[in-house]
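A short write-up of the structure that comes next.
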Amino acid sequence: QVPLEESGGGLVQAGGSLRLSCAASGRIFSSWVMGWFRQAPGKAREFVGAIRWSTGRTYYSDTVKGRVTISKDSPKHTVYLQMDSLKPEDTAVYFCARSTELSTQPGAYSGWGQGTQVTVSS
């Protein structure tokens, strides 16, 4: 198990931006897909997007497409989630996790971090 730790959350006004980080304490294997999810109070965990570590190819949910960008820094074993044009409905705890397959389902992922809170005020 390679622990993952999210950071970078905070309080931001609608229309603002945040960059979240997901740092792995060890090597991220080329076969992994690193995913970002979010969970709002009382709601199910929702897929935000993912990046295939070997190729850097990214995938996004329709809900956030065009407003978020996932990138990676291989030497730092870190994945980033850049979020722009934030909306109050983006308020949630954001998590990263890893999988050996590209999936939008939380059950396909493991190594969940503690999450980082993002709050967008109107």
Side-chain angles (χ1 to χ4, degrees):
Q1 293 286 340
V2 176
L4 301 173
E5 183 174 3
E6 304 91 342
S7 62
L11 174 64
V12 63
Q13 288 189 329
S17 298
L18 278 176
R19 188 177 80 157
L20 308 184
S21 299
C22 170
S25 62
R27 176 187 174 189
I28 296 179
F29 292 89
S30 60
S31 59
W32 288 358
V33 173
M34 302 299 293
W36 281 99
F37 288 78
R38 66 185 183 185
Q39 188 165 18
K43 295 189 176 181
R45 194 160 295 190
E46 174 190 21
F47 176 77
V48 175
I51 185 167
R52 194 177 292 277
W53 198 254
S54 59
T55 63
R57 184 173 178 179
T58 53
Y59 310 84
Y60 303 102
S61 73
D62 289 340
T63 304
V64 301
K65 191 176 295 183
R67 298 191 298 118
V68 306
T69 303
I70 297 175
S71 61
K72 67 184 181 80
D73 186 330
S74 297
K76 294 184 178 180
H77 312 300
T78 300
V79 182
Y80 302 101
L81 177 66
Q82 175 70 41
M83 301 189 294
D84 302 311
S85 303
L86 283 162
K87 306 174 182 180
E89 50 264 44
D90 293 319
T91 295
V93 178
Y94 284 71
F95 301 89
C96 66
R98 63 177 180 272
S99 178
T100 56
E101 61 178 316
L102 176 63
S103 175
T104 62
Q105 300 303 309
Y109 290 80
S110 62
W112 297 90
Q114 295 297 310
T116 185
Q117 175 72 48
V118 171
T119 302
V120 184
S121 63
S122 57

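As the structure is a computational prediction, the values presented were derived from the model and not from experiment.
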Could you check whether R45 makes a cation-pi contact with F37, meaning its NZ or CZ is under 6.0 Å from the centre of the six-membered ring and within 45° of the ring axis?
no

Scan side-chain atoms only and decide if S74 and K76 contain a donor-acceptor pair under the 3.5 Å cut-off.
no

Value rounded to 0.5 Å, distance of OG1 in T58 from NZ in K72
11.5 Å

Quick one: do I70 and L18 end up in the same hydrophobic cluster if we chain Ile, Leu, Val, Met, Phe, Trp and Tyr together by side-chain heavy atoms under 4.5 Å apart?
yes

Euclidean distance, E6 CD relative to C96 SG, rounded to 0.5 Å
4.0 Å

Do you see a donor-acceptor pair shorter than 3.5 Å between the side chains of T78 and D73?
no

As an exercise, state the distance from OG of S7 to OH of Y80, rounded to the nearest 0.5 Å.
9.0 Å

Value rounded to 0.5 Å, distance of OG1 in T63 from CG in D90:
9.0 Å

Under 3.5 Å, side chain of Q82 to main-chain N/O of T69, donor-acceptor pair present?
no

Could you report the tightest heavy-atom contact between T116 and G9, atom names first, then the distance?
OG1-N, 3.0 Å

Examine L81 and W112 and state if one hydrophobic cluster contains both, with Ile, Leu, Val, Met, Phe, Trp and Tyr joined whenever side-chain heavy atoms are less than 4.5 Å apart.
no

Where do S110 and A97 come nearest, in terms of heavy atoms and distance?
O-CB, 3.4 Å

Search all heavy atoms of A40 against all heavy atoms of A92 and return the closest pair with its distance.
N-CB, 3.8 Å

Do the side chains of V118 and F47 join up, straight or via other hydrophobic residues, at under 4.5 Å, putting them in one cluster?
no

For E101 versus Y109, what's the shortest heavy-atom pair and its separation?
O-OH, 4.2 Å

All heavy atoms of V33 vs all of A50, minimum pair found to be CG1-CB, 3.7 Å

Closest non-hydrogen contact found for A108 with S99 is O-OG, 2.9 Å

Can you measure from CD (Q13) to OG (S121) and round to the nearest 0.5 angstrom?
5.0 Å

When you measure from the centre of the six-membered ring of F95, is the NZ or CZ of R38 under 6.0 Å away and within 45° of the axis?
no

Is the side chain of R98 donor-acceptor paired with the backbone N or O of M34 at a distance under 3.5 Å, no angle test?
no

Verify the cluster assignment for V93 and L86: are they in a single hydrophobic cluster under the rule of side-chain heavy atoms below 4.5 Å apart?
no

Side-chain heavy atoms nearer than 4.5 Å, only ILVMFWY residues, links allowed to pass through others: does that put W36 and F29 together?
yes

If you apply the rule side chain to side chain contact (heavy atoms under 4.5 Å, CB included), what do you find for W32 with R52, and how did you get there?
CA-CA 6 Å; W32 288 358; R52 194 177 292 277; over 6 Å; no

Working to the nearest 0.5 Å, report the span between NE2 of H77 and CH2 of W53.
8.5 Å

Crowded around Q39 CD? As in, over 12 foreign heavy atoms under 6.0 Å?
yes

